[in-house]
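As structure tokens, the structure follows; a few thoughts come after it.
Below, all heavy atoms of this structure are taken into account, side chains as well, without hydrogens, waters or symmetry copies. All values derive from a computational prediction rather than experimental measurement.
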Amino acid sequence: MKRALIASTLLSTLLLSGCNLVVMNPSGDVAVQQANLIVYSTILMLIVIVPVIALTVFFAYRYRASNKEATYEPDWHHSTTLEIIIWSVPLAIIICLAGLTYVATHRLDPYKPLDRISADQPIDESVEPMVIQVAAMDWKWLFIYPELGIASVNEVAAIVDRPIEFQLTSTTVMNSFYVPALAGQIYAMSGMQTELNAVINEPGIYKGFSANYSGEGFSQMRFKFHGLNEADFDSWVEKVRGDSKVLDTATLEALNQKSISHPVTYYGSLDNSLWERIVNTCVNGEDLCRHDMMMVDALGGGGLEGLWNREMFRGICSVDDPGALMALIRPELRINKDDLVTAMTLTAPVHAN
């Protein structure tokens, strides 16, 4: 029996030695900081767990029935010293965990732009983050590079040591974007846009997948994330641009149909207005976009007035000068142009001094 136990232990050790614990050995600075947070939290909790386990074994052995030398005190019921230790140590640990979590939560806010590339490399203020727009579909991932005018399905690439700004949404149900080597997971939801700021510090090919169950093809909803140097990234971009396929409205509607284990696909050019229509769930051009619908609601909602507003203000939130268009359509509102623009753009009004 003893030999079997030793053999099984050795076999388990050998099997576990082949595991790649990517969460604890990531290649992106954000994920590294998250791994450190796990380590610090575990050490703090072990301050209680280890003594409790040790004392449990000690008491079971010390006060076993066969040990006649142990003091037997059936009427003992209180010790102020023990009460102070029992309550103060866990309380101190909870305070430390709360402080650690509070600081880390704000420092690792996914919406917050990066303040460093790595622990020993500060951010270069002259370098703009690479914007990658991510749309979760059934059951595939669409990646759009608005600055480069290209797109891909189930494959994404980024430059090592350059900040990345992921803008995420979903064309169907809520999903979760997760590259363990890069950063923590972030949700992608239909009709809204979430954000994840991260950086990859080491070249390589990393696994990405959906971390939120979304139906039949969930298990195959995976993609590859390529961390490349600038030369290799430029080569990858040229490879994508060399594909003749165009990501336009018709292509996107076809792509949005359910499929499992969708192959990697490249689009050498794209319609730059697609992302805004994806986020506002009006890809086909016939449905009223969500931001326009909210504008209609703000101007009176339903009824005959609402029907008039629906057609008159279709597309007002995406025009170059929404305030001028509003003033043209409703001259009586011209005096409130600044307030109207503020309502449409959700930015603070600018008043002349």
Worksheet item: According to a 4.5 Å side-chain heavy-atom criterion applied to Ile, Leu, Val, Met, Phe, Trp and Tyr, with indirect links allowed, do Leu255 and Ile150 form part of one hydrophobic cluster?
Response: no

Item to complete: Mind listing the closest non-hydrogen atom pair of Pro163 and Ile123 along with its distance?
Response: CG-CD1, 3.5 Å

Worksheet item: So, the side chain of Arg241 versus the backbone of Leu148: is there a donor-acceptor pair under 3.5 Å, distance only?
Response: yes

Response to the item:
Tightest non-hydrogen contact, residues Ala157 and Phe233, listed as O-CE1, 3.5 Å

Practice prompt. Indicate, with yes or no, if Val237 and Phe143 share a hydrophobic cluster defined by side-chain heavy-atom contacts under 4.5 Å among Ile, Leu, Val, Met, Phe, Trp and Tyr.
Written response: yes

Fill in: Of all pairs that satisfy side chain to side chain donor-acceptor pair (under 3.5 Å), the ones with a partner from residues 91-109, not counting sequence neighbours
Gln33-Arg107

Worksheet entry | Listed partners of Tyr187 passing ring-ring contact (aromatic ring centres under 6.0 Å, His included), at least two apart | none

Discussion item. Walk me through whether His78 and Thr80 qualify under side-chain contact (heavy atoms from CB on, under 4.5 Å).
Written reply: CA-CA 7 Å; His78 181 74; Thr80 302; 3.5 Å; yes

Ignoring hydrogens and angles, write down the donor-acceptor pairs under 3.5 Å from the side chains of residues 85-95, residues two or more places apart or on other chains.
| residue | atom | partner | partner atom | Å |
| --- | --- | --- | --- | --- |
| Trp87 | NE1 | Glu83 | OE1 | 3.0 |
| Ser88 | OG | Ile84 | O | 2.5 |

Fill in: Test ring-ring contact (aromatic ring centres under 6.0 Å, His included) applied to Trp141 - qualifying residues, sequence neighbours left out
Phe177, Phe223

Discussion item. Among residues at least two apart in sequence or on other chains, which ones pass side-chain contact (heavy atoms from CB on, under 4.5 Å) with Pro26?
Written reply: Ala31, Val32, Ala35

Practice prompt. Check for a donor-acceptor pair, side chain of Glu165 on one end and backbone N or O of Ile132 on the other, with a separation under 3.5 Å.
Written response: no

Worksheet item: Under 3.5 Å, is there a donor-acceptor pair between the Gln133 and Tyr145 side chains?
Response: no

All N/O donor-acceptor pairs, side-chain side in residues 110-119, below 3.5 Å, sequence neighbours left out:
| residue | atom | partner | partner atom | Å |
| --- | --- | --- | --- | --- |
| Arg116 | NE | Asp29 | OD1 | 3.3 |
| Arg116 | NE | Asp29 | OD2 | 2.9 |
| Arg116 | NH2 | Asp29 | OD1 | 3.0 |
| Ser118 | OG | Asp120 | OD1 | 2.8 |
| Ser118 | OG | Gln121 | N | 3.4 |

Worksheet item: When you check the side-chain N and O atoms of Thr265 and Lys245, is any donor under 3.5 Å from an acceptor?
Response: no

Discussion item. Using only atom types and a distance under 3.5 Å, with no angle test, would you say the side chain of Asp138 pairs donor to acceptor with the backbone of Gln257?
Written reply: no

Practice prompt. For residues Val153 and His262, report the shortest heavy-atom separation together with the two atoms involved.
Written response: CG1-ND1, 3.7 Å

Discussion item. I need the full list of side chain to side chain donor-acceptor pair (under 3.5 Å) pairs touching residues 247-256, with sequence neighbours left out, sorted by first then second residue.
Written reply: Thr171-Asn256, Asp248-Thr251, Thr249-Arg277

Worksheet item: If you look at every heavy atom in Ser261 and Gln220, which pair is closest and at what distance?
Response: OG-CG, 3.2 Å

Practice prompt. State which residues pass ring-ring contact (aromatic ring centres under 6.0 Å, His included) with Tyr206; sequence neighbours excluded, sorted by chain then number.
Written response: none

Fill in: Full working for side-chain contact (heavy atoms from CB on, under 4.5 Å) between Tyr40 and Leu100
CA-CA 9 Å; Tyr40 300 149; Leu100 187 66; 3.7 Å; yes

Discussion item. Could you check whether any side-chain N or O of Ser27 sits under 3.5 Å from a backbone N or O of Ile200, counting only pairs where one atom can act as donor and the other as acceptor?
Written reply: no

Worksheet item: With hydrophobic residues grouped by side-chain heavy-atom distances under 4.5 Å, do Val179 and Met130 end up in a single group?
Response: yes

Fill in: Connected via hydrophobic side-chain network under 4.5 Å: Val134 and Leu182
yes

Worksheet item: Is there a side-chain contact (heavy atoms from CB on, under 4.5 Å) between Met189 and Thr194 once you walk through the steps?
Response: CA-CA 8 Å; Met189 290 166 277; Thr194 52; 4.0 Å; yes

Worksheet item: Do Asn280 side-chain atoms and Cys282 backbone N/O form a donor-acceptor pair below 3.5 Å?
Response: no

Worksheet item: Closest approach of Thr169 and Ser190, non-hydrogen atoms and distance?
Response: OG1-CA, 4.4 Å

Worksheet entry | Side chains of Ser176 and Gln185, donor plus acceptor under 3.5 Å | yes

Fill in: Results of side-chain contact (heavy atoms from CB on, under 4.5 Å) for Glu147 - residues two or more places apart only
Val131, Arg162

Worksheet item: Considering all heavy atoms of both residues, which atom of Cys96 and which atom of Leu44 are nearest to each other, and what is their separation?
Response: CB-CD1, 4.0 Å

Discussion item. Check for me, please, whether Ile205 and Phe225 land in the same ILVMFWY cluster - side-chain distances under 4.5 Å, paths through other members count.
Written reply: no

Which donor-acceptor pairs under 3.5 Å do the side chains of residues 54-64 make with protein atoms, sequence neighbours left out?
| residue | atom | partner | partner atom | Å |
| --- | --- | --- | --- | --- |
| Thr56 | OG1 | Val52 | O | 2.7 |
| Arg64 | NE | Ser66 | OG | 3.2 |
| Arg64 | NH1 | Tyr61 | O | 2.6 |

Item to complete: Only counting residues at least two apart or in another chain, list the ones meeting ring-ring contact (aromatic ring centres under 6.0 Å, His included) with Tyr213.
Response: Phe218

Discussion item. Any side-chain to backbone donor/acceptor pair from Ser170 onto Val173? Under 3.5 Å, distance only.
Written reply: yes

Fill in: Rounded distance [0.5 Å steps], CG in Leu228 versus CD1 in Ile159
8.5 Å

Worksheet item: What pairs of residues pass the salt bridge (charged side-chain N to carboxylate O under 4.0 Å, His left out) test when at least one of them lies in residues 192-218, not counting sequence neighbours?
Response: none

Worksheet item: If you count the non-hydrogen atoms of other residues, nucleotides and ligands that lie under 6.0 Å from OH in Tyr178, is the total more than 12?
Response: yes

